[in-house]
Q: 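Please see the structure below; I have some questions.
Along the sequence shown, residues carry numbers from 1. For ligands, and for the atoms within them, numbers begin at 1 and follow the listed sequence. Reckoned from all heavy atoms, side chains included, excluding hydrogens, waters and symmetry mates.
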Amino acid sequence: MGSRRSKNKQRDPPSLDEFKAKKDKSKKKHSSSSTTGKSNGNKRSSDAESHVKRKKVKESKTEEEEVEDNLPVVDYEELSKAKKSLFDEDEDLQDEFDLEQEYDDDEDDNKRERPMWSDDEDDEVDIEELNATNIEALSKKLDEEQALEEEEAEKELIEADKLQPRAVDILPTAEQEAVEDQSPPDLTSIRTRMIEIVKVLEDFKNMGAPGRSRSEYVDRLLKDISKYFGYSPFLAEKLFNLFSPSEAMEFFEANEIARPITIRTNTLKTRRRDLAQALVNRGVNLQPIGNWTKVGLQIFDSQVPVGATPEYLAGHYILQAASSFLPVIALDPQENERILDMASAPGGKTTYISALMKNTGCVFANDFNKARTKSLIANIHRLGCTNTIVCNYDAREFPKVIGGFDRVLLDAPCSGTGVIGKDQSVKVSRTEKDFIDIPHLQKQLLLSAIDSVDYNSKTGGVIVYSTCSVAVEEDEAVINYALRKRPNVKLVDTGLEIGKPGFTSFRGKTFHASCSLARRYYPHIYNVDGFFVAKFVKTGPSKFDDNKASAKEKEAAARQEALEEGIINNDFAAFEEKEDERYIAKSKKNSLLKKGVNPKAIKK
Ligand SMILES: C[S@@+](CC[C@H](N)C(=O)[O-])C[C@H]1O[C@@H](n2cnc3c(N)ncnc32)[C@H](O)[C@@H]1O
């Protein structure tokens, strides 16, 4: 963890001006790379700047700041740069989405480069001298110096760690623990102790105190985590076990912050470029999410409520977490297919499916919770999805209700351990029983999803299972169960470019090797909600398969029933002749009056 300290700063979202300056910079970078061939010039220069800045900061640090630097704050700056982040800034995006047209080339803005260039003075390097010709050489030199410095610092740290018998002092005695339990928590010392314990656990052989077992450190760390971050001891342990100790700390830290606000362009009504332009005009500061989606936008800040703009009300976009795009991308819906979204409210994924199908075919949007189907219907209407049928069944009743689908999405009800960043109540509300009951339901739902798919589908035969939980019981254990119970399916690649592979074994349990094809998403790695996505294809009929013919009959019967109940009208787009006659007459009269003609004088 020591080597991370200099980078442990969360980046503030850029202001509009900074964003613009960045765009300008990137534009210059493009042109300079094409003329000079020095494609890394800007990066190197900013490396050089940050080195200069780091140096300054380092010199002026107090001891307290040094301690503060030790704290495992999630490195979002690194995250945003890392290839693996779902919020990649890809230069290629410029072609499809070029916001530069939205900003004038203003001299003031050009002056407002990143502060590293203008604010810092440095004894050793005169930044003014960093021009196009010597920048690369200087940067290289600075890089080397920096690497050497970091190496030395790391060595010093290791030596200091060895010399100091800190490990002995980290764990409190029973008496100290008793006193601590009685008094209000001292969060600063708890945090420091957590960091120390993590260091010991990462190198227990050399750093563990004599006579102390690894589990003593783990127990203390778990107590500290649950006190510091506010988790129930049970959930703290469950989540801790998913990661190495230092990664677990990053995960817990990341859960303290909400993920970036993201929206999905509704391509049934607009294009992302047009939407972005409209929102920028309203004072929304945004940029594309990353090169893995052509419809997502990340909102940095806004002068208007993003959930109430005219574009929102007109259904040009939906507020949707970036991770929620993933299962639909994996589902890969095709035009004219029949698709079932088993647990669909409030419809973020249904409306995306509908958009990808360009309103062709048919999407059955089901949800067991009737109250939630109201927001589902509202979203379907607002976004103009005309190929959807909303239903309200316990999805375990499928395929008896209807089957023979080309594709089924099961975005399953779950414990929500992936979305603690936005729902902190999960920290204490989830019990051991939840991790038995919820997976039980998920397993039943997944079998129904599999049985509802037509294995003869010419275009599909696909089932996607997703959760916003990172708990293995709700993810790999569920898909592994389905593989055992339904030998007529196999897991396939999700087609998603990024994501960590699913576990093939976990704490003594072994899963089918193909579970590694599933994808895991974590807030501390991708800056998105924790998520899980697995994709199956059907290789043979299920015992309970409903063939396509009978599914069609059921669909026709359902339509008829809805017609009879007046839920849908066959004459949705037709004219009400009597009503229309009145309006036509009125408008004719008005038009004559406008022309100064007395309507009564006109012979009928
Ligand atoms: C994760 S949410 C779905 C979110 C939705 N897919 C979206 O993108 O907006 C899970 C949904 O499952 C529904 N649900 C729970 N049990 C169900 C069941 N037995 N059958 C169908 N839906 C169920 C819940 O009402 C909830 O709306």
Q: Looking only at side-chain N and O atoms, does Asn255 offer a donor or acceptor that is under 3.5 Å from a partner on Glu253?
A: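 On atom types as modelled, these side chains do not qualify, holding no pair under 3.5 Å.
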Q: Considering only NZ, NE, NH1 and NH2 on the basic side and carboxylate oxygens on the acidic side, decide whether Asp529 and Lys422 come within less than 4.0 Å.
A: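 A salt bridge is present here (some side-chain N lies under 4.0 Å from a carboxylate O).
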Q: Applying a 4.0 Å heavy-atom criterion (strictly less than), which segment of Cys414 is in contact with ligand 1: side chain, backbone, both, or neither?
A: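 None of Cys414 does.
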Q: Indicate yes or no: does Arg338 engage Asp406 in a salt bridge with an N to O separation below 4.0 Å.
A: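 Asp406 and Arg338: not salt-bridged.
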Q: Would a 4.5 Å heavy-atom cut-off, applied to side chains only, mark Thr504 and His512 as touching?
A: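 Of all side-chain heavy-atom pairs linking His512 with Thr504, none is under 4.5 Å.
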Q: Number the atoms of ligand 1 from 1 as they appear, then name those within less than 4.0 Å of a heavy atom of Tyr393, with their elements.
A: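 Listed by number with element, the hits are 20 (N), 21 (C).
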Q: Taking only residues two or more places apart in sequence or in another chain, which ones pass side-chain hydrogen bond (donor to acceptor under 3.5 Å, both in side chains) with Arg407?
A: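 Arg407: side-chain hydrogen bond (donor to acceptor under 3.5 Å, both in side chains) contacts with Glu337.
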Q: Will you find, in the side chains of Ser505 and Thr510, an N or O donor that is under 3.5 Å from an N or O acceptor?
A: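 Side chains of Ser505 and Thr510: no pair found under 3.5 Å.
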Q: What atoms of ligand 1 come within less than 4.0 Å of a heavy atom belonging to Asn366?
A: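 Those qualifying, in numeric order: 21 (C).
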Q: Tell me the contacting part of Lys349 for ligand 1: side chain, backbone, both, or neither, using a 4.0 Å heavy-atom threshold, strictly below.
A: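 Under 4.0 Å from ligand 1, Lys349 contributes backbone and side-chain atoms.
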Q: Is any N or O atom of Ala395, backbone or side chain, closer than 3.5 Å to an N or O atom of ligand 1?
A: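 Yes - when backbone and side-chain N and O of Ala395 are compared with those of ligand 1, one distance drops under 3.5 Å.
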Q: Are any side-chain N or O atoms of Ser375 and backbone N or O atoms of Arg372, one a donor and one an acceptor, separated by less than 3.5 Å?
A: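 Checked: pair present.
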Q: Please confirm whether Phe251 and Phe240 have ring centers closer than 6.0 angstrom.
A: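 Between Phe251 and Phe240, the centre distance exceeds or equals 6.0 Å.
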Q: Using a 4.0 Å cut-off to any heavy atom of Gly348, which atoms of ligand 1 qualify?
A: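 That gives atoms 7 (C), 8 (O), 9 (O) of ligand 1.
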Q: Which atoms of ligand 1 are found less than 4.0 Å from any heavy atom of Met342?
A: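 Listed by number with element: 21 (C), 22 (N).
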Q: Excluding sequence neighbours, so at least two apart, what forms salt bridge (Lys or Arg N to Asp or Glu O under 4.0 Å) with Glu237?
A: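 For Glu237, no residue satisfies salt bridge (Lys or Arg N to Asp or Glu O under 4.0 Å) once neighbours in sequence are set aside.
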Q: On a heavy-atom basis, I'd like to know which of Ser324, Ala345, Ser375 is closest to atom 5 (C) of ligand 1.
A: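 Of the listed residues, Ala345 has the closest heavy atom.
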Q: When you measure from the side chain of Ser516 to the backbone N and O of Gly502, does any donor-acceptor pair fall under 3.5 Å?
A: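 Not confirmed, Ser516 side chain does not pair with Gly502 backbone.
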Q: Return yes or no for this condition: an N or O of Asp411 is under 3.5 Å from an N or O of ligand 1.
A: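 Yes, at least one N or O pair falls under 3.5 Å.
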Q: Looking only at protein heavy atoms, which one is nearest to atom 16 (N) of ligand 1, and what is the separation?
A: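 The protein heavy atom lying closest is Pro413 CG, 3.7 Å.
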Q: Considering only heavy atoms, does Thr467 approach ligand 1 within less than 4.0 Å through its side chain, its backbone, both, or neither?
A: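 None of Thr467 does.
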Q: Under 4.0 Å from any heavy atom of Asp394, which atoms of ligand 1 are there?
A: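 By the 4.0 Å cutoff, the relevant atoms are 18 (C), 19 (N), 20 (N).
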Q: Is it true that Arg191 and Asp224 have a side-chain N and a carboxylate O under 4.0 angstrom from each other?
A: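 Salt bridge absent between Arg191 and Asp224.
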Q: For ligand 1, which is the ligand I care about here, please tell me if Arg372 has any N or O atom under 3.5 Å from one of the ligand's N or O atoms.
A: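 So ligand 1 has an N or O lying under 3.5 Å from an N or O of Arg372.
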Q: What protein heavy atom sits nearest atom 11 (C) of ligand 1, and how far off is it?
A: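 Here the nearest protein heavy atom works out to Asp367 OD2, 3.5 Å.
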Q: Students should be able to answer this: which protein heavy-atom is nearest to atom 22 (N) of ligand 1, and at what distance?
A: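 I find the closest protein heavy atom is Phe368 N, 3.2 Å.
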Q: If you take the nearest heavy atom of each of Ser344, Gly416, Ala412, Ala343, which one is closest to atom 1 (C) of ligand 1?
A: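 Considering heavy atoms of Ser344, Gly416, Ala412, Ala343, the nearest to atom 1 (C) of ligand 1 sits in Ala412.
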Q: At a 4.0 Å threshold, what atoms of ligand 1 neighbour a non-hydrogen atom of Asn369?
A: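 Ligand 1 atoms under the 4.0 Å threshold to Asn369: 25 (O).
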